[in-house]
Protein chains: 2
Amino acid sequence: MQLRRDDVVDGALTILDDYGLADLTMRRLAGSLGVAPGALYWHVSNKQALIGAVSDRILSRLDTVPAAGTPDVLDAVRRRAHGLRDALLAHRDGAEVVASSLSARTVTHPVRATFVHDLLATGLSPDDAGHAADALLYYVLGATSDEQSRLQMESAGALAADLHARDDGGLDRDATARFDFGLELFVDGVRSRVRTLNE
Amino acid sequence: MQLRRDDVVDGALTILDDYGLADLTMRRLAGSLGVAPGALYWHVSNKQALIGAVSDRILSRLDTVPAAGTPDVLDAVRRRAHGLRDALLAHRDGAEVVASSLSARTVTHPVRATFVHDLLATGLSPDDAGHAADALLYYVLGATSDEQSRLQMESAGALAADLHARDDGGLDRDATARFDFGLELFVDGVRSRVRTLNE
DNA sequence: ACCTGAACACCGTTCAAGT
DNA sequence: ACCTGAACACCGTTCAAGT
């Protein structure tokens, strides 16, 4: 049976979830697909592009989040930030993968445009909404990356197993509170900018 | 003449500045020091630790920034953020290098503690100051990484050379304004938190 | 104490040749 | 159109042996 591009991306996502970004190599992926390494280059132009495609898959989950219709415009921003965090946490090393693809500009999913859209609804000017979207993205990516790497160091070290008895299905309550604190800082900043706009 | 640990870190920083992070390999560094690759492992335990040491050097420039004594406590936070950005921009791929070392926890320089210190002075509780410091670090690292990678793509592509006639010595005015916008969002968030605290 | 030589176990990418 | 085989030009790290 012939390999399709989607099979390559599927395989990459599976290796990512099972073994992490460090083990996601072209040779290993080829092996898991039962194909020679060179065969992958018929379907993707290089590793960076492949990781970009993987990021698009990770981000596709964002589209499931209710698009709009929230009464409070600032609350829509909050929900969107949480939607991104959840999408990143759903895959091993998801935050690192998406952050690197975003900086390499190999992502086609319009995450940034979505954030800009939500921020425009708050009353920010187009330029300001763009800059605010960037700032929010930096925060969500950084915070989630950090949270995720802590989680993995923890499960690797298995340290203080009793202190960290977890039955929350992957969502750390402390981590969520920390995330919300930084997010609220950002939202307050936007609010104060919008307020001075309407005076 | 015998190699010292500092020579290894010096050499690494030189390769970083001249050729970038992608070309900073143990074998290349060994070559530039006139030594066999294995020799490096007598001085540093591995590549991650070396990059951590390089990050410490990059961050050492922060100590030159006036420690305190600013009348406005929020302005001290702003200055510290700019100090970090400047330190990162002073070396090729500086933001990426420090961000990765910070997430790998191979940095010994107390950047975070410095930020926490400044934020405590604003009236934030110890917990909140810690979380705010993290959020600010995520922002500065993300924004500066992005700015720096744009700069390098630009100089590589040499696109629109007339539009980007630059005589500002590496400091893009637009980039600084963008950085300040996000920073102000954050500072406003802190301000609103301190205000509700004092009511 | 500090370094070399040589190896081990890998990488990403290219490309003529096959089907 | 899609893939193999084989190569090219690299990696980080280890470690016995040398000085």
Side-chain angles (χ1 to χ4, degrees), chain A residues 1-16 18-55 92-93 96-97 99-101 103-107 149 152-153 156, chain B residues 1-16 18-55 92-93 96-97 99-101 103-107 149 152-153 156:
Chain A
M1 242 267 305
Q2 247 188 213
L3 204 60
R4 281 154 28 207
R5 191 181 198 250
D6 275 10
D7 300 329
V8 175
V9 181
D10 277 345
L13 198 51
T14 301
I15 291 184
L16 190 70
D18 294 349
Y19 307 98
L21 182 57
D23 284 341
L24 177 48
T25 70
M26 296 303 268
R27 301 182 100 101
R28 204 185 210 286
L29 174 56
S32 86
L33 294 170
V35 101
L40 300 178
Y41 291 85
W42 180 261
H43 300 280
V44 299
S45 51
N46 52 40
K47 192 181 177 178
Q48 252 196 21
L50 172 62
I51 299 215
V54 169
S55 295
R92 167 117 81 132
D93 293 327
E96 203 183 336
V97 166
S100 84
S101 305
S103 101
R105 266 152 260 266
T106 51
V107 170
S149 81
Q152 271 152 217
M153 295 203 315
Chain B
M1 239 271 301
Q2 245 188 218
L3 204 60
R4 280 155 27 208
R5 190 180 199 259
D6 275 10
D7 301 328
V8 175
V9 181
D10 278 346
L13 198 50
T14 302
I15 291 184
L16 189 70
D18 294 350
Y19 306 98
L21 182 56
D23 283 340
L24 176 48
T25 69
M26 296 304 267
R27 299 183 101 102
R28 205 185 210 286
L29 173 57
S32 85
L33 295 169
V35 101
L40 300 179
Y41 291 84
W42 180 261
H43 300 280
V44 298
S45 51
N46 53 39
K47 191 179 178 181
Q48 253 197 16
L50 172 62
I51 300 215
V54 169
S55 294
R92 166 117 81 132
D93 294 327
E96 203 183 334
V97 165
S100 83
S101 305
S103 99
R105 267 152 259 265
T106 51
V107 171
S149 80
Q152 271 152 218
M153 295 203 315

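Throughout, protein chains are lettered first and strands after them, A, B, ... in sequence-line order, and every chain is numbered starting at 1.
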Rounded distance (nearest 0.5 Å) linking atom CG of Asp18(A) with atom CG of Asp23(A)
10.5 Å
Using purine N1 to pyrimidine N3 plus N6-O4 or O6-N4 for Watson-Crick, or N1-O2 and O6-N3 for G-U wobble, both under 3.5 Å, which nucleotide pairs with dT14(D)?
dA6(C)
Choosing from dT4(C), dC11(D), dG12(C), which nucleotide comes nearest the side chain of Thr25(B)?
dC11(D)
Rounded to the nearest angstrom, tell me the gap between atom CG in Leu33(B) and atom C1' in dC2(C).
14 Å
Looking only at the side chain of Lys47(A) (C-beta and beyond, no hydrogens), which of the listed nucleotides dT13(C), dT13(D), dA1(D) gets closest?
dT13(C)
Between His43(B) and dC3(C), does any side-chain N or O lie under 4.0 Å from OP1 or OP2?
yes
Looking only at the side chain of Pro37(A) (C-beta and beyond, no hydrogens), which of the listed nucleotides dT13(C), dC2(D), dG12(D) gets closest?
dT13(C)
From dT13(D), dC2(C), dC2(D), pick the nucleotide closest to the side chain of Asn46(B)?
dT13(D)
Can you identify which nucleotide, out of dC3(C), dG12(C), dG12(D), has its nearest atom closest to the Arg27(B) side chain?
dG12(D)
Starting at CG of Leu3(A) and ending at P of dC3(D), how long is that distance when rounded to a whole Å?
5 Å
Separation of the C1' atoms in dC2(C) and dA16(D), to the nearest angstrom:
15 Å
Shortest non-hydrogen contact between Ser55(B) and Ser101(B), atoms and distance:
OG-OG, 2.6 Å
Taking CG from Leu40(B) and P from dG5(C), how many angstroms apart are they, rounded to a whole number?
14 Å
Kindly give the heavy-atom pair with the smallest separation between Leu29(A) and Leu50(A), and that separation in Å.
CD2-CD2, 3.6 Å
Option among Asp10(B), Ile15(B), Leu16(B), Val9(B) that satisfies the side-chain contact (heavy atoms from CB on, under 4.5 Å) test with Leu13(B)
Leu16(B)
Integer-rounded Å distance: dC11(C) P and Gln48(A) CD:
18 Å
Report the distance from atom CH2 of Trp42(B) to atom P of dC15(D), rounded to the nearest whole Å.
14 Å
By the Watson-Crick or G-U definition, both distances under 3.5 Å, dA1(D) is matched with dT19(C)
From C-beta outward on Tyr41(B), which listed nucleotide comes closest to its side chain: dG12(D), dT14(C), dC3(C)?
dG12(D)
Starting at atom CZ of Arg28(A), determine the distance to atom P of dC11(C), rounded to an integer number of angstrom.
8 Å
dC15(D) to dC3(C) separation - C1' atoms, rounded to the nearest Å
12 Å
Specify the separation, in whole Å, of atom CE of Met26(B) and atom P of dG12(D).
7 Å
Ignoring the backbone of Ala36(B), work out which of dT13(C), dT4(C), dT4(D) is nearest its side chain.
dT4(C)
Nearest-0.5 Å distance, CG of residue Leu40(B) to CE of residue Met26(B):
5.0 Å
Integer-rounded Å distance: dC11(D) P and Leu29(B) CG
11 Å
